[in-house]
Amino acid sequence: MRIETISYIKQHAATLSVEEPIVVTQGGKPVYRIESEASARLRDEGLALLKLMNLAERDIRSGNTLSVEDTLQQLQQQLLQEQLKLHE
């Protein structure tokens, strides 16, 4: 991760490469981070996946799960209901 000053960013804004994130400092302290859109998207997707995994883990611990048979039965019922709606 590169570390640059605000002055450097201002002077080189048109030619900055953000293949790796850049930490921007002011007065020697980090104040901003610049990263590519692709990197930000990957990070956001990773966080969303972690949240989903956390929710799934909580459901498993609390016993809020379905067997394969129950799941198939519910899906078949939903499919039948949808088919009936189409034929009305």
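Counting begins at 1 with the first residue of the sequence.
Applying the salt bridge (Lys or Arg N to Asp or Glu O under 4.0 Å) rule to pairs touching residues 1-20 yields Arg2-Glu4, sequence neighbours excluded. Identified under the salt bridge (Lys or Arg N to Asp or Glu O under 4.0 Å) test for residues 60-79, with sequence neighbours left out: Glu57-Arg61.
Expressed to the nearest 0.5 Å, how far CD of Glu82 lies from CD of Gln77 amounts to 13.0 Å. Here CG of Leu80 is found 12.5 Å from NZ of Lys85. Values are rounded to the nearest 0.5 Å. Between the CZ atom in Arg33 and the CD atom in Glu35 there is a gap of 7.0 Å [rounded to 0.5 Å]. Distance check, rounded to the nearest 0.5 Å: OG1 of Thr65 to CD1 of Ile60 gives 7.5 Å. With rounding to the nearest 0.5 angstrom, the CG atom of Asp59 is 10.0 Å from the CG atom of Leu66.
Think of Tyr8 as one node in a network of Ile, Leu, Val, Met, Phe, Trp and Tyr side chains linked at under 4.5 Å; its network also takes in Ile6, Ile9, Leu16, Val18, Ile22, Val24, Val31, Tyr32, Ile34.
In this structure, Pro21 and Met1 approach most closely via the heavy-atom pair O-CG, 3.4 Å.
Scored by the salt bridge (charged side-chain N to carboxylate O under 4.0 Å, His left out) test, Glu45 finds no partners at all (sequence neighbours excluded). For Met53, the side-chain contact (heavy atoms from CB on, under 4.5 Å) partners two or more places apart in sequence, or in a different chain, are Leu49. Under the rule for a side-chain hydrogen bond (donor to acceptor under 3.5 Å, both in side chains), the partners of Ser36 that lie at least two apart in sequence or sit in another chain are Ser39.
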Query raised in the report: Under the side-chain contact (heavy atoms from CB on, under 4.5 Å) criterion, do Leu79 and Leu75 qualify, and how do the steps go?
Result: CA-CA 6 Å; Leu79 181 60; Leu75 288 172; over 6 Å; no
